[in-house]
Structures are given as structure tokens and as C-alpha cells.
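Each chain gets a letter, A, B and so on, in the order its sequence line appears, and its residues count up from 1. Computed from a predicted structure; not experimentally measured.
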Amino acid sequence: MKILPNSLLSRRVSSCPASSPSTSLQCLPALHLFDEMPLRDRDSRRLNALLSSHARSGDFTSALLLFQKMRAFGVPLDSYSFPSVLSACSTSPRLGRQLHSLMVKSGCLSSPITATSLLRMYSNSSPIEDVLLVFDEMPTRDAVAWNALISSLVTSGHAGEAVSAFRSMAATGILFTGFTLCSLLKACAALRAARQGEQIHAQVIIAGCDSVVISTALIDLYSSCSQVDMAIGVFSRLECPKDPAIHNAVANACVKNGSFHEVFALLVKMKPVNAVFLTSAIAACSESLNLSYGRQIHCVIFRHGFDFDTILCNAIINMYSKCGHLRFAHLAFDCVGDKNVISWTSIIDAYGIHGRGGEALALFNRMEDEKASTTVSPNEVTLLSVLSACSHSGLVDEAKQCFLLMKEKHGVEPNSAHYACLIDLLGRGGRIEEAWDLFCALNASKNTLSGPVCVAMLNACRISMDFARGELVVMNLLELDPGNPSVYVQISNFYGDFGRWEGVEKLREGLITRGLKKELGRSQIAA
DNA sequence: ATAGGGTTAG
């Protein structure tokens, strides 16, 4: 079952990743330029131009060093000095704040251009409140300023507020641009607002601002709204040249909506392939449990020299793990040069789902040991994988120990998924008293009681044949998640275990009056 | 002088 032509499989490595050039060498010419400039030439206009050229070429170190020199030599700073240097410090909020105060002192915030650069700086590294403050204090706001605000709201997870901001923008009489519509499409995608998204799509067509970038956002919108055919339609109707990003967007849309073969068909036609596309292609193999295609695509990745890409490697680890090939998952993990928290979580989870909790724990400890040198720390997903690995292997005490250390040692606050996992684990271990104590504590504080926590507790009651406690949990569960059909299945199974068929019947009636239907399951048996 | 789209773990 080979899908890829030999030409693709055997292509020589075309581009090896260039190692990044040394920053210290890069900034030497910048310093020389300034130092060798005759004193009379060191005026704001020339130096601002130099500053902006450094920033535009991505040489932020030189831009910041030059800015320092300008200050040291008393070169007057004006509105043309700040945008470049602000873009150079987007990852350093402390430096950004200092620049902000300099801008206030030099009266450079009256222009919407400089104020917008400041807003973008804050939106890259600071809480949304800081961004709003800058926007509120702008004396005049043009379309670019509004666009920056809307885009900042969307990327910080405030999609609803972004739509409101757009309404305010329109009410102020500022005309939207293609950039505005692009951010709104992202907002609609985040809100799964298909209707509103279609209306923006109409605006795009009316305003005639459809482009490859807008189309990419449209594909992502339809993908998020589970309308993969619409996404593919936008892609295939696009008349301008298609760039890598739009290919990647449509591949992602297909993966997310289960159209795996479309991804493979695109891959065969695509030239040149890129690492992002291959990541989606690997994800398609994981989702469809297609080890054969996964291995072929892994070959392509290797031959193209993309195996340095951490995100792609993480997808490969996950693919081998999901397809049942733990040994290859581990080999792929060992090959990741720059392991991040997802690399570690993926391999820990891989051992967990293969029932090898001891090795998962050993990897977790290794991650802790290497923390100092790699600056990678476990997060809440990592801890959930560790707990779940213990659960699959019956390592109850190890899980409890890990749970106790979660906050103080790892700095991770347990959430309801962690609680559910722990209760499930205690229940399976027949330790219903401990599970019940935890459940009652959560019930008392309310905010951590969730559907999954109740389901775990209910299962614990089934295992320990504790009908009285189970009935209490049933009441909690029906109150918490009455619209979820699978909840009724769980409860029904609980009553069934105890032969309480009248309970099952009552539940069935409840299901019918609520008009709930359980989604049909599908099973896949590998040949 | 400021501006938009694509990828990995539960």
C-alpha cells in the first residue's frame, strides 16, 4: 500500500536547515556604522532610517544597540524612532515599558502610528488590559489602530470582544479594511460562529478584498465550523497563486474533519512540501491509525531534512504511539534535538497508553532531572498524562504521590481532569473510601466538581457495589450535565449493575422527553 | 514609520 511516487520518496535532501548565524557577529556592522559616522551625520533622520532597516531585517539586537547609542549620544528621539525599536523588543515587556515612558516624555504618543506600534508591543507580551489602556488613551484612532486592537483581542482569546470592537469601529464611522475582515474571520472561527462567518465572507466578496491570506482565514473558519466541503471549495476556487500557508490550512481543515485521504492526495501533488504540511499529513496518519502511510511520510520527512523540526517530530512520536508502535515512538523521541514540553508529554503518554506506567514515570523523572539544563517544565497536560499512565498500570500509590507534589513541586494547580483521573484510579484500585473523601471535598468547594469527576466516582461506586453513594453521585451528575446523552448511558449502566431496572426505565423516559439521542459509535478493527 | 493567513500533547 504505497501512496507516494518514488520520485518523492527518493528525492535528495534539497535544503538542510542552516544553523542560525551568530547574533554577535551580525550586530558588529551596525555598531561600526554608527561609530564610523562623522559626527555631523549622526542626525535623527539618518539614524531612524538605520534603526528601521535593522528592525525590518529582523536584526533586533542591532536595533536595540543602536537605539542605546542614540540615547547615549543625546540624539533627539522622535515619532520615527519608536516603531522600529518597539518591534525589536516585543518579547521583553520590561524594556517595552521603559520605551513607553520615553514616548510619553518626548510627546510621541499623539500620532496613531506610534501609538499603534506601542499597542502591538503590548499585545505581544502583556495582559490585554495593558493593550486596552493604550488604545483608550489614543487621541486619534485610524483603521490601522482599530485593526491592531481587534487582532490583539482575537489572539488573546477575546473573540467576542473583538466582534464588539468591530461594531464600535463601524459606529465611529471608520471604514473596515481587508485586515479587519481577516481578524473577524479568526474571531468567528474561535467562536464557531458559522452564520456570522458567512456574513463576513459575503463582505469579503462585496468589498473585493479576497486574497490568498483572506482565503486562508476563510478555510480555517469553515474548518472550525465543521464545514470541510466549504473549506475545500474556497481552496479550489481560488484563482491567485496558492502559497504554502493556504495548502497547510486546507490540509489542517481535512485532518480536523476526518477527510484524511484528501490530505494524502494533496501531499502527492504538492511541490515543494513544507514541514507544516507534513505535520498535518502525519496527524492524518495518527487519526486514521494508518501506520503504513505514516512510515512513508516519515521517510519523506527524513529525506527532506525536516527531522530537526520539533513540532513535526512531536507529531511523529504521537503517530507511532497511536498506531501501536511504541518502540518507534521512543526512537523518534530520542531524535528530537530540541525537546519541548509536548515532546516529553507525548512520550510519557505513549508509555501510559501502552500500559507501561513504570517507564512513563521514569521518563517523567528524567524530565525533572533535565529541567535545569533544558528549561522545560511539566504543565497540566504532562501531569495528566502521568496520572493516566499510573491509572492504566494500576500504580495507585505512585499516582497519589505525584498528585500530592503537583502544586508544590511542579507548580501545577490540579484541575477537574486531574481529579477525575485520580478518583477513577482510586476506584479501580477498590479504594472507594479515599475516592469518596476526595469527591466530597470537591463537592464542598463546587468549582472543581465536573461531569467527568462524577462519572469517575460513579464507576468507583459500581466497582465497589456501593449503591447508596452512587445514587448521590447520579443526582450531582444529572444536575451538572443534563444535556449530555452519554451521561444517561453511564447512569443506566450503574442502575443495570444493581438490577434496578425501574431506574433505567425512568432515565429512558427522561431521555425521550428531553429529545436526547446518543451518537452512534463506530468501531474499527485493524485487518 | 504601524498591519492580516498555516503545524505538535489531553
Side-chain angles (χ1 to χ4, degrees), chain A residues 45 48-49 51-53 55-56 78-87 108 111-121 123 142-152 154-155 177-186 189 209 211-221 223 242-253 255-256 274-283 286 306 309-319 321-322 336 339-350 352-353 378-389 415 417-418 420-421 452:
Chain A
R45 204 178 55 83
N48 286 339
L51 204 55
S52 117
S53 104
R56 255 182 298 128
D78 61 19
S79 301
Y80 289 79
S81 320
F82 288 103
S84 327
V85 74
L86 279 169
S87 68
C108 288
S111 147
I113 295 176
T114 48
T116 302
S117 336
L118 184 67
L119 189 152
R120 299 198 75 81
M121 185 281 294
S123 74
D142 57 9
V144 183
W146 278 100
N147 291 348
L149 172 74
I150 294 170
S151 146
S152 173
V154 177
T155 46
T177 69
F179 289 87
T180 326
L181 298 183
C182 203
S183 295
L184 285 174
L185 289 172
K186 277 195 91 173
C209 56
S211 62
V212 66
V213 176
I214 296 256
S215 300
T216 306
L218 279 168
I219 289 170
D220 194 52
L221 163 80
S223 164
K242 298 183 173 80
D243 65 1
I246 197 163
H247 279 96
N248 302 339
V250 78
N252 183 41
V255 176
K256 292 276 145 67
N274 63 71
V276 178
F277 192 98
L278 290 166
T279 306
S280 290
I282 287 288
S286 318
F306 285 130
D309 184 307
T310 299
I311 296 179
L312 183 45
C313 289
N314 293 346
I316 293 171
I317 297 169
N318 196 36
M319 182 272 293
S321 162
K322 291 274 163 63
V336 191
K339 297 179 180 65
N340 65 16
V341 62
I342 299 183
S343 321
W344 285 98
T345 305
S346 301
I347 193 66
I348 290 170
D349 197 59
I353 61 181
N379 62 20
E380 53 180 29
V381 186
T382 318
L383 267 305
L384 188 61
S385 293
V386 174
L387 290 178
S388 144
N415 63 30
H418 298 108
C421 190

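- Nearest nucleotide to the side chain of A:F179, out of B:dG5, B:dA1, B:dA3: B:dA3.
- Separating the OG1 atom in A:T116 from the CG atom in A:N147 is a distance of 9.5 Å, to the nearest 0.5 Å.
- Atom CG in A:L118 sits roughly 14 Å away from atom P in B:dA3 (whole-Å rounding).
- Among the atoms of the strands shown, base atoms are found under 4.0 Å from some heavy atom of A:I214.
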Item to check | Derivation of the side-chain contact (heavy atoms from CB on, under 4.5 Å) call for A:I353 and A:S321 | outcome: CA-CA 8 Å; A:I353 61 181; A:S321 162; 3.5 Å; yes
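- No engagement by A:L278 is indicated, since no non-hydrogen atom pair under 4.0 Å with the nucleic acid exists.
- Taking all atoms of both residues into account, the shortest heavy-atom contact from A:S343 to A:N314 is OG-OD1, 2.7 Å.
- What separates CD1 of A:I150 from C1' of B:dG5 is a distance of 17 Å, to the nearest Å.
- What separates CZ of A:R120 from P of B:dT2 is a distance of 11 Å, to the nearest Å.
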For nucleotides 7-10 of chain B, list the nitrogen or oxygen atoms of the protein found under 3.5 Å from its nitrogen or oxygen atoms, one pair per line.
from: B:dT7; atom 1: OP1; to: A:N252; atom 2: ND2; distance (Å): 2.6
from: B:dT7; atom 1: O2; to: A:T279; atom 2: OG1; distance (Å): 3.2
from: B:dT8; atom 1: OP1; to: A:K256; atom 2: NZ; distance (Å): 3.4
from: B:dT8; atom 1: O2; to: A:N314; atom 2: ND2; distance (Å): 2.4
from: B:dA9; atom 1: N1; to: A:N379; atom 2: ND2; distance (Å): 2.8
from: B:dA9; atom 1: N3; to: A:T345; atom 2: OG1; distance (Å): 3.4
from: B:dG10; atom 1: OP1; to: A:K322; atom 2: NZ; distance (Å): 3.1

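- Using a 4.0 Å heavy-atom distance criterion, A:V212 is classed as a base contact.
- Smallest separation of non-hydrogen atoms from A:G178 and A:I214: O-CD1, 3.4 Å.
- Taken from CG in A:L86 to CG in A:L118, the straight-line distance is 5.5 Å, to the nearest 0.5 Å.
- When heavy atoms are screened at a 4.0 angstrom cut-off, A:D243 is found touching base atoms of the nucleic acid.
- At B:dG4, none of the side-chain N or O atoms of A:K186 fall inside 4.0 Å of OP1 or OP2 (strictly under the cut-off).
- Residues A:G352 and A:A389 share a closest heavy-atom pair of CA-CB, 3.5 Å.
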